[in-house]
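In listed order, ligands and their atoms are each counted from 1.
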Amino acid sequence: MSSVMTPETLASNAIKLSDIPVNYVPKVTHYDQYLIDGELKTWAGATSEVYSTIHTQNDQGEMVPTLLGTVPDMESESALQALESAKKAFDRGKGQWPTMRVRERLSCMERFVEKMKNHREEIVNLLMWEIGKSLGDSQKEFDRTVDYIYDTIEAYKKLDQKSAKFEKEGSIHAHIRRSPLGVVLCLGPYNYPLNETFCLLIPAIIMGNTAIFKPAKHGVLLITPLMQAFQESFPPGVVNILFGRGRKIAQPIMKSGFVDVLALIGHSSSAVALQDQHPNKNRLRLVLGLEAKNPGVILPDADLDHTIKECISGTLSYNGQRCTALKVLYVHESIIDEFNRKFSKAVDDLKYGMPWEENVFLTPLPEPNKPQYIKDLIEDAKSKGAKVLNKKGGEMTENYIFPAVMYPVDKSMNLYHEEQFGPVIPIISYKDINEPLDAMAASDYGQQVSLFGRDVRKIGPLIDILANLVCRVNLNSACQRGPDVYPFTGRKNSAVSTLSVYDALRSFSIRSFVASKDNPYNNEILESLLNSNESNFVSSDYIL
Ligand code: G3H
């Protein structure tokens, strides 16, 4: 690959195995199992190799991408078996799982999370190697996911406590609960292969649905330590886990028409392509977290040092590979020079290195083609009049490209339109606040915005408009998803449905209820139903 090698700044593109701290040395894993119908079956077919873009020395002494292991490369036939397994476990609503008492489903989930906690170290190490996430962020991803599961259990208890009663309106008694929807196809992203996938999978199954889950294109091996925990914690067919390409696995499942929920965090084009396969669109509920081009809008009176700190974390945490990353900065023309100077210096001061190195902020990119893609965006913008402002911007190795601060960016450039999802930061100066507002209104995306400034007479009316263009206005702070109890959603091509701990439980369920006219005949039946324990739905069971 053609690249500008810059050993002085990106020296740790490759590393000798002997130089890696012993706890972080990767183990090669040849994983050959998959989970269908409650059984961990052995795959005897084709496999695909999993590489880290971090280069290490091979037996011949050459520095090459590190082989981490192999996983099954499964075919459509297995995908359809997994679908049958999920259908059987749901059994048109008759299955053990969808009819089970909530407290029993919660026990299964508690069992799972306890087992999951035993695999923290392995999974954190795989996060570093498979997707190049720093040690601290990898640990955060694991811990945040465990917390998410506990929070989900608590949220479901609360939801269920509210449902453990009858209501009466007019002459009708009603017992209202949230019921599962059916079979969920669950596909997560590579940048949060554990956390975001589980933010879909966990609420989906806890609500009584059954699921088929395929790990993302990167961050695959890190699911394998949990396979047994899934198998041992849930009844057969509730969770089915496959490995392979979306084309061979997800498409035939969607084509069958038996998927009730498509739960996907990824690109809108994949979501649309999968929806298009489904023959019965109104059956299909969508829970989608998609791409975004979140802007930072910097007003003339913003505290510049604070703003720069937030913009660094917003644009470049995990190298900008976050759907919530700040992907364009609008800076008022009166402060543009000072902002550009300070921001470029702050970017150049960031430490690049291996994920396990102390205080490392920038790390290798997991997608082999990403450095070139970012380079192309930079070159396109340069050819149309933008400059790289920072000294190290665009320096490139085979698995990294140093963040480039690009200015002035305009509509003619690809960088203006595309979600770069990587280390390049477009800056646009504006005179009139309507310029960023118009751009946001015209954008295909509408997830979040960061607004930097102080004067409430300016900020107040702006918030009123911004809240109608996106779904979260971050005041003097970077965009982010967390805390996970807050609603995570977006407008236009940025999301369908809402994913907070509480909202996800709603997204993966539907309200259904038992209604009965208030008369002695019905009331007697209801009372004996409640006393009999014959129904798990009609129950005043209160989970503490
Ligand atoms: O990729 C998108 C993630 O939901 C971002 O989450 O804001 O916690 O990094 P985060």
Side-chain angles (χ1 to χ4, degrees), residues 127 130-149 151-152 186-203 215-219 222 263-271 287-296 309-328 355 361-363 365-367 370 418-423 445-450 470-475 477-501 503-504 507:
L127 276 165
E130 284 195 83
I131 63 159
K133 193 169 271 190
S134 69
L135 175 61
D137 283 351
S138 298
Q139 288 168 332
K140 240 187 262 162
E141 176 160 355
F142 186 93
D143 298 339
R144 174 181 180 183
T145 309
V146 167
D147 290 346
Y148 186 89
I149 300 177
D151 290 348
T152 300
C186 184
L187 305 166
Y190 83 79
N191 64 336
Y192 281 90
L194 183 74
N195 180 263
E196 297 230 301
T197 311
F198 279 32
C199 287
L200 302 174
L201 186 63
I202 298 301
K217 63 179 171 174
H218 303 292
L222 61 88
L264 175 147
I265 297 191
H267 203 271
S268 56
S269 56
S270 323
V287 181
L288 309 175
L290 305 170
E291 69 272 23
K293 188 94 180 170
N294 292 343
K309 221 170 98 221
E310 289 294 320
C311 285
I312 289 288
S313 119
T315 54
L316 290 173
S317 293
Y318 189 43
N319 307 295
Q321 301 165 118
R322 296 161 57 237
C323 61
T324 48
L326 284 174
K327 299 205 177 86
V328 55
F361 189 79
L362 306 170
T363 48
L365 303 174
E367 293 177 291
K370 192 47 100 39
E418 292 178 26
E419 188 206 32
Q420 64 269 39
F421 216 75
Y445 308 113
Q447 191 199 61
Q448 302 187 16
V449 65
S450 289
V470 294
C471 290
R472 174 166 166 163
V473 180
N474 299 278
L475 189 56
S477 45
C479 297
Q480 64 178 48
R481 172 188 170 133
D484 290 330
V485 292
Y486 290 147
F488 179 53
T489 186
R491 298 166 190 262
K492 300 187 261 186
N493 252 347
S494 286
V496 178
S497 298
T498 303
L499 285 170
S500 69
V501 170
D503 288 296
S507 297

Report summary line: Exactly one of Lys327, Gln447, Glu419, Gln448 clears side chain to side chain donor-acceptor pair (under 3.5 Å) with Asn294, and that residue is Gln447

Query - Phe421 and Lys370, any side-chain heavy atoms less than 4.5 Å apart - result: yes

Report task. Measure the shortest side-chain to side-chain distance between Leu499 and Ile265 over non-hydrogen atoms and say whether it is less than 4.5 angstrom. Result -> yes

Report task. Applying side-chain hydrogen bond (donor to acceptor under 3.5 Å, both in side chains), name anything that partners Asp147, two or more places apart in sequence or on another chain. Result -> none

Report task. Using a strict cut-off of less than 4.0 Å between a Lys/Arg side-chain nitrogen and an Asp/Glu carboxylate oxygen, indicate whether Lys293 and Glu418 qualify as a salt bridge. Result -> no

Query raised in the report: Do Tyr190 and Glu130 have a side chain donor and acceptor closer than 3.5 Å?
Result: no

Check each N or O atom of ligand 1 against all protein N or O atoms and list the pairs under 3.5 Å, with atom names and distances to 0.1 Å, one per line.
from     : atom 1 : to     : atom 2 : distance (Å)
ligand 1 : 1 (O)  : Asn191 : ND2    : 2.8
ligand 1 : 1 (O)  : Cys323 : N      : 2.7
ligand 1 : 4 (O)  : Glu196 : OE2    : 2.5
ligand 1 : 7 (O)  : Arg322 : NH2    : 3.0
ligand 1 : 7 (O)  : Thr324 : OG1    : 2.7
ligand 1 : 7 (O)  : Arg481 : N      : 2.6
ligand 1 : 8 (O)  : Arg144 : NH1    : 2.8
ligand 1 : 8 (O)  : Arg144 : NH2    : 3.0
ligand 1 : 9 (O)  : Tyr192 : OH     : 2.3
ligand 1 : 9 (O)  : Arg322 : NE     : 2.7
ligand 1 : 9 (O)  : Arg322 : NH2    : 3.4

